[in-house]
Amino acid sequence: MLLVIEDDPMLGAALSEGLSEHFPVDLVTTLADARLALETTDYDLAILDLSLPDGSGLELLRELRRAGKAMAVIVLTALDRPQDKASGLREGADDYMGKPFDLDELVARCEAALRRLRGHAAPIVRIGPLAYDRAGQSVTVDGVAVVLSATDLRVLDVLVANRGRIVSKAQIEDRLSRAGGEIESNAVEVYVSRLRRKLGRDLIRTIRGLGYMLGETP
């Protein structure tokens, strides 16, 4: 799962469209939105612009490294002087690319960063009969592989990240909106229903008036 942090609307849309042919992608345009996204979703990789409207991307990079976040970060910025690159790498970036850039090269660098990350991947998350490999984007139930769409995975990711806690409809809608497109009023109900059909009806509980919960009540 990738998070693109880019404030230029045209470039952000182009990045999201191009990268989504290879990976599930969310797009945000500010540091504040990036922090909110990172609170609710465990991303594998971030594409980080440094010149953002509410501060420098280096602030976020420092926060991620201080918090020990197990995710790769590729800086993608117009600040491409040698001293800028050295500073970004010393702050904890896994890679650093200047603008303009070649999309194929960026995809290849993302793939390389994810390969390195998977060498240190967290254990597979197991909840009852469900086994969720975030790095490999794969799901099994009772050992049988389950095919999920990119949207299914986004909804599941929110529930897994908050397992044992209530997840509101608004939290799921926010997660889906970062992937782009309009969210219909009943979209969350539809996606949760679809996950139940694929994963088992008892795995996701409805907490009336509050939202949904994956797994046992703490």
Side-chain angles (χ1 to χ4, degrees), residues 1-7 12-13 16 19-20 23-48 52-55 60 63-64 67-71 73 122 124-135 137-139 141 146 148-218:
M1 197 78 68
L2 270 63
L3 178 65
V4 174
I5 308 165
E6 170 60 60
D7 68 316
S16 182
L19 291 171
S20 64
F23 320 98
V25 177
D26 288 345
L27 172 65
V28 296
T29 58
T30 66
L31 286 177
D33 286 345
R35 290 182 178 114
L36 180 61
L38 289 161
E39 285 178 6
T40 57
T41 306
D42 293 325
Y43 293 97
D44 302 301
L45 188 150
I47 307 295
L48 176 63
L52 296 166
D54 53 347
L60 182 63
E63 292 169 14
L64 290 172
K69 279 277 189 181
M71 64 182 297
V73 177
I124 292 172
V125 177
R126 299 184 186 279
I127 303 169
L130 172 74
Y132 179 36
D133 178 358
R134 291 198 66 259
Q137 294 287 287
S138 63
V139 176
V141 174
V146 177
L148 298 181
S149 69
T151 302
D152 293 336
L153 285 168
R154 288 187 175 96
V155 176
L156 179 62
D157 211 60
V158 178
L159 294 168
V160 168
N162 295 278
R163 56 193 179 275
R165 300 192 297 270
I166 296 171
V167 179
S168 69
K169 179 180 175 181
Q171 284 177 275
I172 299 174
E173 287 175 336
D174 177 71
R175 178 71 177 81
L176 294 176
S177 69
R178 293 198 297 269
E182 295 294 324
I183 306 299
E184 300 292 336
S185 60
N186 67 335
V188 172
E189 290 85 351
V190 170
Y191 296 136
V192 170
S193 177
R194 191 163 67 191
L195 277 178
R196 283 179 170 143
R197 288 199 303 272
K198 295 181 178 182
L199 304 180
R201 303 202 63 82
D202 296 333
L203 195 63
I204 303 172
R205 299 166 52 206
T206 297
I207 311 300
R208 189 172 298 278
L210 296 175
Y212 304 95
M213 182 183 291
L214 181 70
E216 298 294 330
T217 304

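Asp44 contributes atom CG, which lies 10.0 Å from atom CZ of Phe23 (distance to the nearest 0.5 angstrom). The CD1 atom of Ile5 lies 6.0 Å from the CG atom of Leu38; values are rounded to the nearest 0.5 Å. Taking CE of Met71 as the reference point, atom CE of Met1 lies at 11.5 Å (rounded to 0.5 Å). In this structure, Leu60 CG and Leu52 CG are separated by 8.5 Å, a value rounded to the nearest 0.5 Å. Taking OH of Tyr43 as the start and CG of Leu64 as the end, the distance is 12.0 Å to the nearest 0.5 Å. How far OG1 of Thr41 is from CG of Leu36: 9.0 Å, rounded to the nearest 0.5 Å.
Remark: Asn186 CG is packed, more than 12 non-hydrogen atoms of other residues, nucleotides or ligands lying under 6.0 Å away.
Every residue two or more places apart in sequence or in another chain that forms a side chain to side chain contact (heavy atoms under 4.5 Å, CB included) with Ser20 is listed here: Val25. For Lys198, the side chain to side chain contact (heavy atoms under 4.5 Å, CB included) partners at least two apart in sequence or on another chain are Val146, Leu148, Asp152, Arg194. Residues that satisfy the salt bridge (Lys or Arg N to Asp or Glu O under 4.0 Å) test with Asp157, not counting sequence neighbours, are Arg134. The side chain to side chain contact (heavy atoms under 4.5 Å, CB included) test applied to Asp33 returns Val28, Thr29, Thr30, not counting sequence neighbours. Residues meeting the side chain to side chain donor-acceptor pair (under 3.5 Å) test with Glu63, sequence neighbours left out: Arg35.
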### side-chain contact (heavy atoms from CB on, under 4.5 Å) between Tyr191 and Leu176, worked out
CA-CA 11 Å; Tyr191 296 136; Leu176 294 176; 3.6 Å; yes

Determine all donor-acceptor pairs shorter than 3.5 Å in which one atom belongs to a side chain in residues 206-214; sequence neighbours excluded.
from	atom 1	to	atom 2	distance (Å)
Thr206	OG1	Arg196	NH2	2.7

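Between Pro129 and Leu203, the closest heavy-atom pair is CD-CD1, 4.3 Å. In terms of heavy-atom proximity, Pro53 sits nearest to Asp7 at CD-CB, 3.6 Å.
Exactly one of Val192, Val158, Val188 qualifies for a side chain to side chain contact (heavy atoms under 4.5 Å, CB included) with Val167. That residue is Val158.
Between Leu153 and Val139 the shortest side-chain heavy-atom distance falls below 4.5 Å. Here the side chains of Leu156 and Leu130 are in contact, with some heavy-atom distance below 4.5 Å.
Put simply, the side chain of Asp54 gets close to the backbone of Ala32: a donor and an acceptor are under 3.5 Å apart.
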